[in-house]
Amino acid sequence: MGILSGYRVLDCSIAMAGPFAAQRLGDLGADVVKVEPTGGEWQRFRAAGGATGNRINTSFLSLNRNKRSLAIDLKSGDGKAVLLELVKTADIFIQNYRPGVAKRLGVDYETLSAINPRLVYVSMSGYGESGPYVSHPGQDLLLQAMSGAMLSAGRESDPPAPAGQFLADAVTAYAAFEGALAALLHRERTGEGQLVQVNMLDAVVTFQMQEMSVFTAGHKPQTRSAEPHAHCYIRAPYGTFATADGFIAMAFANLEKLGELIGEPSFAGMDDETDSWTHRDAIFAAVARRLTARSNAEWLDLFRQHDIWAGPVYGYADVVADPQIAHNETFVEYDHPSEGRVKTPGFPIRFSKTPTTVERGAPQIGEHSREVLAEAGFDAVAIDALLASGAVRQD
């Protein structure tokens with residue numbers, strides 16, 4: 001039994017941030033009902049990195065395990081009535097509609113909390129529920145660009161560098177997950193539900209707590225250097241460096257010791273806390289020049305012997321094959337009826353008494369419509385009528 005066993009989540013979200021947050025709750029044992037249109041959530045059908053899957057693409061698979069699918073037409077009176085009936089017994093409701101859409105659909109916080117005052121209602125948006133950017137598209141790359149993060153690494157002559165992940169979406173998902181749990185704890189103590197609002201802009205800005213505070217409280221400008229330094233607020237050497245057969249990453253090395261190991265006499269007598277800033281580009285260039293003389297394995301072995309912080313630069317194939325990843329059981333695997341054997345990252349938190357499990361993979365469209373409605377009190381005749389009218393779909 002998961003730690004959230006017995007709690008029900010209605011997941012009316014789409015794309016990444018909302019479904020990821022809801023999946024986290026499902027991994028902890030909550031009964032997550034994915035409420036999607038009768039045609040299916042659009043992300044089911046979009047190719048992810050060219051991987052289309054059989055009936056479900058890999059993005060949808062990765063974000064919707066441990067959920068049941070209820071496919072209803074919220075624009076129909078019967079479909080909306082089904083959702084409102086389910087709200088009566090729900091604990092958490094998650095949506096990431098554009099601001100104003102939930103109210104137009106009649107599933108806003110005011111409406112649903114009147115039906116169920118104990119409901120924890122999580123509303124996710126790009127920039128907030130109001131303000132000058134309320135109608136702007138809340139897309140990950142656009143939020144990364146606006147957050148300031150793109151100008152914290154790389155050469156000053158390089159274009160701004162986005163993360164290689166949907167960073168803003170992922171950070172927002174974690175914020176929504178935390179907010180839902182905190183509000184649920186409050187409800188268990190007081191009996192009252194509440195509205196939880198999370199937006200991508202605030203999430204990705206506050207994710208940079210240290211960097212932003214160096215600027216706002218420490219008054220240090222965000223200045224990139226001439227060399228591809230990995231972080232504008234960390235001393236040299238800090239970044240990735242080519243070797244004879246690949247790349248390694250290095251951080252916070254003692255300059256004198258490093259100079260001895262790589263044969264760089266200019267580092268002799270340098271002070272880590274002053275010279276590493278004053279001569280940041282020269283230090284980076286010298287390290288880069290020296291490290292091409294040996295292989296990854298040679299350098300990493302030498303640096304580990306002398307307590308220099310360095311490590312390999314992995315691609316995904318390396319990550320999957322890494323022995324620590326295998327030891328940690330970082331990935332989960334399960335058999336899916338249409339997609340075969342599926343392997344994806346699992347849940348990163350370990351519980352000694354309530355371990356997480358994969359009870360089911362990502363559902364087909366409306367795969368569980370009939371059983372969810374039966375649990376909500378709809379009889380067989382009513383369910384058959386809803387299916388026949390198209391207000392509800394079951395695959």
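Side chains are part of it too, since the values below use all heavy atoms of this structure and drop only hydrogens, waters and symmetry mates. It should be emphasised that the depicted structure is a prediction, and the values quoted were computed from it without experimental measurement.
Using a 4.5 Å heavy-atom threshold, the side chains of Leu258 and Arg290 count as separate. Pro37 places none of its side-chain heavy atoms less than 4.5 Å from the side chain of Trp42. No side-chain heavy atom of Val332 sits less than 4.5 Å from a side-chain heavy atom of Lys343. Within the 4.5 Å cutoff, no side-chain heavy atoms of Val204 are placed close to those of Thr172. At a threshold of 4.5 Å between non-hydrogen side-chain atoms, the residues Ile262 and Phe303 count as touching. Using a 4.5 Å cut-off on side-chain heavy atoms (C-beta onward), Glu211 and His231 make contact. The shortest distance between side-chain heavy atoms of Ile365 and Arg55 does not fall below 4.5 Å. Pro19 has its side chain within reach of Lys67: a pair of non-hydrogen atoms, C-beta onward, lies under 4.5 Å apart.
Once rounded to the nearest 0.5 Å, the distance linking CG of Asp281 with CZ of Arg224 reads 12.0 Å. Rounding to the nearest 0.5 Å gives a distance of 13.0 Å between CG of Asp384 and CZ of Phe378. Between Tyr7 atom OH and Thr89 atom OG1 the span is 14.5 Å, to the nearest 0.5 Å. Taken to the nearest 0.5 Å, the CZ atom of Phe166 stands 10.0 Å off from the CE atom of Met200. Of the inter-residue distances, the one linking His336 atom NE2 with Arg360 atom CZ reads 11.0 Å to the nearest 0.5 angstrom. The distance from the CG atom of Asn116 to the CG atom of Leu84 is 11.5 Å, given to the nearest 0.5 Å.
Side chain of Asn328 to backbone of Thr330: no donor-acceptor contact under 3.5 angstrom is found. With Glu264 contributing its side chain and Leu255 its backbone, the two residues share no donor-acceptor pair below 3.5 Å. Looking only at distances, a side-chain donor or acceptor of Glu339 sits under 3.5 Å from a matching main-chain atom of Asn54. Distance alone, capped at 3.5 Å, places no donor-acceptor pair between the Glu85 side chain and the Val82 backbone. Remark: side-chain polar atoms of Asn96 are paired, donor with acceptor, to backbone N or O of Ile14 under 3.5 angstrom. Checked by atom type and distance alone, the side chain of Ser5 never pairs as donor or acceptor with a backbone atom of Met1 at under 3.5 Å. In this structure, the side chain of Thr354 does not engage the main chain of Phe351 through any donor-acceptor pair within 3.5 Å. Looking only at distances, no side-chain donor or acceptor of Asp91 sits under 3.5 Å from a matching main-chain atom of Leu184. Judged purely by atom type and a 3.5 angstrom limit, Trp299 has no side-chain atom pairing as donor or acceptor with the backbone of Ile248.
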- Given Val9 and Ile94, is the side chain to side chain contact (heavy atoms under 4.5 Å, CB included) satisfied, shown in steps? CA-CA 8 Å; Val9 179; Ile94 300 177; 4.1 Å; yes
- Task: Kindly indicate, with the supporting measurements, whether the criterion salt bridge (charged side-chain N to carboxylate O under 4.0 Å, His left out) is fulfilled by Arg65 and Glu359.
- Result: CA-CA 8 Å; Arg65 67 169 177 256; Glu359 298 294 335; over 6 Å; no
- Check the pair Leu74 / Leu83 against side chain to side chain contact (heavy atoms under 4.5 Å, CB included), numbers first and verdict last. CA-CA 8 Å; Leu74 275 181; Leu83 181 63; 3.5 Å; yes
- Task: Please test Asn296 against Thr243 for side-chain hydrogen bond (donor to acceptor under 3.5 Å, both in side chains), starting from the C-alpha separation and ending with a verdict.
- Result: CA-CA 6 Å; Asn296 270 20; Thr243 67; 2.5 Å; yes
- Would you please test Tyr238 and Phe284 for ring pair (Phe, Tyr, Trp, His ring centres under 6.0 Å) and show each step? CA-CA 8 Å; Tyr238 192 78; Phe284 192 104; 9.8 Å; no
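Here Arg8 pairs with Glu375 in a salt bridge; the nearest charged N to carboxylate O distance falls below 4.0 Å. Classification of Arg341 and Glu333 as a salt-bridged pair holds, one side-chain N sitting under 4.0 Å from a carboxylate O. Between Arg294 and Asp245 there is no salt bridge, since no side-chain N of the basic residue sits under 4.0 Å from a carboxylate O of the acidic one.
Of all heavy-atom pairs between Tyr334 and Ala362, the closest is OH-N, 4.0 Å. For Gly128 against Asn199, the heavy-atom pair with the smallest separation is N-CB, 3.4 Å. Minimum interatomic distance between Val198 and Ala176 (heavy atoms only, all atoms of both residues): CG2-CA, 3.9 Å.
A side chain to side chain donor-acceptor pair (under 3.5 Å) with Asn66 is found for exactly one of Thr357, Thr356, Asp27, Asp31, namely Asp27. With Ser69 as the fixed residue, the side chain to side chain donor-acceptor pair (under 3.5 Å) test singles out one of Glu41, Glu36, Glu367: Glu36.
Side-chain N/O atoms of Asp11 and Ser13 include a donor and acceptor closer than 3.5 Å. Under 3.5 Å, the side chains of Gln222 and Ser152 contain a donor-acceptor pair of N or O atoms. For the residue pair Tyr233/Gln210, the side-chain donor-acceptor check at 3.5 Å is not satisfied. Defined by atom type and a distance below 3.5 Å, a donor-acceptor pair is missing between the side-chain atoms of Asp275 and Thr278. Side-chain atoms of Ser225 and Glu156 form no donor-acceptor pair, as typed in the model, at a separation below 3.5 Å. For the residue pair Gln394 / His368, no side-chain donor-acceptor distance below 3.5 Å is found, with atom types taken as modelled. Arg393 and Ser369 share no side-chain donor-acceptor pair at under 3.5 Å. With 3.5 Å as the limit, one finds a donor-acceptor pair spanning the side chains of Arg24 and Tyr174. For the residue pair Ser338/Gln364, the side-chain donor-acceptor check at 3.5 Å is satisfied.
Atom OH of Tyr127 sits in a crowded spot, with more than 12 heavy atoms from other residues, nucleotides or ligands closer than 6.0 Å. The environment of CZ in Phe247 is sparse: at most 12 heavy-atom neighbours from other residues, nucleotides or ligands sit within 6.0 Å. Within a 6.0 Å sphere centred on CZ of Phe215, other residues, nucleotides and ligands contribute 12 heavy atoms or fewer. Counted within 6.0 Å of CZ on Phe347, heavy atoms from surrounding residues, nucleotides or ligands total more than 12; the atom is thus considered enclosed.
Partners of Arg235 by side chain to side chain donor-acceptor pair (under 3.5 Å), not counting sequence neighbours: none found.
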Validation: residues 139-146 side-chain donor-acceptor distances under 3.5 Å, sequence neighbours left out:
{"residue": "Gln139", "atom": "OE1", "partner": "Leu141", "partner atom": "N", "Å": "2.8"}
{"residue": "Gln139", "atom": "OE1", "partner": "Leu142", "partner atom": "N", "Å": "3.3"}
{"residue": "Asp140", "atom": "OD1", "partner": "Gln144", "partner atom": "NE2", "Å": "2.7"}
{"residue": "Asp140", "atom": "OD2", "partner": "Leu167", "partner atom": "N", "Å": "3.2"}
{"residue": "Asp140", "atom": "OD2", "partner": "Ala168", "partner atom": "N", "Å": "2.8"}
{"residue": "Asp140", "atom": "OD2", "partner": "Asp169", "partner atom": "N", "Å": "2.8"}
{"residue": "Gln144", "atom": "OE1", "partner": "Ala163", "partner atom": "N", "Å": "2.9"}
{"residue": "Gln144", "atom": "NE2", "partner": "Gln165", "partner atom": "O", "Å": "3.3"}

Atom pairs and distances, side-chain donor-acceptor, residues 305-319, under 3.5 Å, sequence neighbours left out:
{"residue": "Gln305", "atom": "NE2", "partner": "Asp301", "partner atom": "OD2", "Å": "2.9"}
{"residue": "Tyr314", "atom": "OH", "partner": "Asp322", "partner atom": "OD1", "Å": "2.5"}
{"residue": "Asp318", "atom": "OD2", "partner": "Gly315", "partner atom": "N", "Å": "2.9"}

